[in-house]
Trainee: 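Okay, here's the structure, questions in a sec.
Naming: A, B, ... by sequence-line order, numbering from 1 per chain.
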2 protein chains.
Amino acid sequence: MQGYDKYAFEPFAVTVDLAVFTVRAGRLHVLLVERGQEPYAGQWALPGGFVLPDESAETAAGRELAEETGLADSTGSVGLHLEQLRTYSEPDRDPRMRVVSVAFAALVPDPPAVHAGSDAARAEWLPYGTPGPLAFDHDRILADAHDRVCAKFEYTGLATAFCPPEFTLGELRQVYETVWAAELDPANFRRKVLGTTGFVEAIPGAARLTGGRGKPAALYRAGPATSLHPPLLRPTTVSPEGKPS
Amino acid sequence: MQGYDKYAFEPFAVTVDLAVFTVRAGRLHVLLVERGQEPYAGQWALPGGFVLPDESAETAAGRELAEETGLADSTGSVGLHLEQLRTYSEPDRDPRMRVVSVAFAALVPDPPAVHAGSDAARAEWLPYGTPGPLAFDHDRILADAHDRVCAKFEYTGLATAFCPPEFTLGELRQVYETVWAAELDPANFRRKVLGTTGFVEAIPGAARLTGGRGKPAALYRAGPATSLHPPLLRPTTVSPEGKPS
DNA sequence: CCATTTATGGTCAGTGCGACTATAAAGGTG
DNA sequence: CACCTTTATAGTCGCACTGACCATAAATGG
């Protein structure tokens, strides 16, 4: 940042790409758009767009998220999470020109009707992992976003961002199981969550049937805690050399 | 990323900023450069520079790190760590023009002679926290980098990046104590580190005096483990509401 | 020789967690 | 209705890890 040599740089386009996750019907879904033009015409891609001259990347990401999903503003409302992931800047990641993309991961509670933005061809929720190769380096971005979300589930109360305002512990557990692709013991999960102050707050007297079967479950709200101490570790699939997956 | 409207964006300058840490004389130090021109002339700033047209941000960061410190290439050599932090893109973060900066955190083992790059005014190692306000939003970047490093010390073997190729457990513990600004019980630290497979490897028969006093300590090398399971948690300064610092 | 310093080894109690069992409360089915 | 299935909830047991210690070993400096 020393010495602004006007000839030392060429113009870069700066964009945002969004990995928007939700849990629907016990499966992790991602919001994808179908590309209408070359390159990668007809392939699925992450939603995104240019950062406008008077915007930060965060503002642009919130705007794009609202455009694509019709959801309220980025960080304000309850049960919505938008977080910067990292920046992808390989010189050849877009064959047309130099594009530097700031990637974001977003978690939304339930798939509202997808509101196709003006410039978005078609946006759809697709199960994570099912669509073939995505356009550009979006497979990598999506995988990185998934890794980040999995990791943050361990030491933050982020999972409640996937849940409606009121939820049962069974629903919260299913969110964990869906994202981690692992099974959790209901009793132990309950003990852990309730033992972590600020994770969830009980709604006195409220109860609801979850799957139409079984005993009705008590309802909870997301608590104020942002970090979990101690963390809620995912089951360790032990690998031989001290480097569990 | 739908529809490339050539008029929808203005050129952005893309730069990298580096928060380069080291531990020297039991204190955490940061590599800073003194700005020679406005704005913020005379103030300290993080080293950095433009991303060149054929570079990724990672390549640019490695190049800048090499230029400023004279150290070998970015990710290759032992005991060197370079990691993307996040991107800062507030529209007014540079008063002259629109600059989007990809920030990196770097850890280097010992302060080699600072090799002032051609464009860098003067680079110096300064104790973390001592210099007044940095230029631009570099205070925030530096604080974010420090947070990241502190957190990564818990669940990765990153601390060995601050150590020379061969080190004693006392030296490694001092690295933790310096970065975390906390005291650790030597015996418990030892038990934890040696009990984590792949964290460090003993060098049979080797021993060295650390501070000139006391019993000579056995020497160790950095192990192959990248992640620590279970993590080496820093002492919890308990705060009342489930959200320890 | 002795005090000091650092390294290293060990004990002990408390905490958290995985595995498991038991009970409660709903619906479904004969 | 009796009984099974399903889900929620409560509790128990043993293991692993950790923090707080205590003890010993091996160096230096008076």
Trainee: Can you measure A:Asp185 atom CG to D:dT7 atom C1' for me and round it to whole angstrom units?
Mentor: 13 Å
Trainee: Over how many whole Å does the gap from A:Arg190 atom CZ to D:dG11 atom C1' extend?
Mentor: 12 Å
Trainee: Is it true that A:Glu83 and A:Lys152 make a salt bridge, defined as a side-chain N closer than 4.0 Å to a carboxylate O?
Mentor: yes
Trainee: Bend angle of the helix from C:dC1-D:dG30 to C:dG30-D:dC1 from five-pair axes at both ends, rounded to 10°?
Mentor: 10°
Trainee: Would a 4.5 Å heavy-atom cut-off, applied to side chains only, mark B:Thr22 and B:Val20 as touching?
Mentor: no
Trainee: Residues two or more places apart in sequence or in another chain: which of them pass salt bridge (Lys or Arg N to Asp or Glu O under 4.0 Å) with A:Glu177?
Mentor: A:Arg173
Trainee: State which of C:dA26, C:dC20, C:dG9 makes the closest approach to the side chain of A:Leu209.
Mentor: C:dA26
Trainee: Which letter, B, S or -, goes with each nucleotide of nucleotides 13-19 of chain D from 5' to 3', with contact meaning a protein heavy atom under 4.0 Å?
Mentor: -----BB
Trainee: Would you check if there is a donor-acceptor pair between the side chains of A:Glu34 and A:Gln43 at a distance under 3.5 Å?
Mentor: no
Trainee: State yes or no: are the ring centers of B:Tyr128 and B:His146 separated by less than 6.0 Å?
Mentor: yes
Trainee: Among A:Asp17, A:Asp144, A:Asp137, find the residue that satisfies the side chain to side chain donor-acceptor pair (under 3.5 Å) test when tested with A:Tyr88.
Mentor: A:Asp144
Trainee: Write down the atom of A:Leu142, the atom of A:Leu134, and the distance for their closest heavy-atom approach.
Mentor: CD2-CD1, 3.9 Å
Trainee: Which of residues 167-184 of chain B sit near DNA chain C, with a heavy atom under 4.0 Å from it?
Mentor: B:Gly170, B:Arg173
Trainee: Would you jot down, in residue-number order, the residues of residues 213-220 of chain A having a non-hydrogen atom under 4.0 Å from DNA chain C?
Mentor: A:Arg213, A:Gly214, A:Lys215, A:Pro216
Trainee: Just list the side-chain donor-acceptor pairs under 3.5 Å for residues 186-194 of chain B, sequence neighbours left out, or say none.
Mentor:
| unit_1 | atom_1 | unit_2 | atom_2 | d |
| --- | --- | --- | --- | --- |
| B:Asn188 | OD1 | B:Arg191 | NH2 | 3.3 |
| B:Lys192 | NZ | B:Thr196 | OG1 | 3.4 |
| B:Lys192 | NZ | B:Pro230 | O | 3.0 |

Trainee: Within this structure, what is the OH-CZ distance for the pair B:Tyr176 and B:Phe153, rounded to the nearest 0.5 Å?
Mentor: 6.0 Å
Trainee: What residue among B:Thr130, B:Asp139, B:Leu126 forms side-chain contact (heavy atoms from CB on, under 4.5 Å) with B:Trp44?
Mentor: B:Leu126
Trainee: In Å and rounded to the nearest 0.5 Å, what is the CZ to CG distance from A:Phe104 to A:Leu46?
Mentor: 13.0 Å
Trainee: Are the side chain of A:Glu171 and the backbone N or O of A:Thr168 linked by a donor-acceptor pair below 3.5 Å?
Mentor: yes
Trainee: Check A:Glu58 with B:Arg86, please: is the shortest side-chain N to carboxylate O separation under 4.0 Å?
Mentor: yes
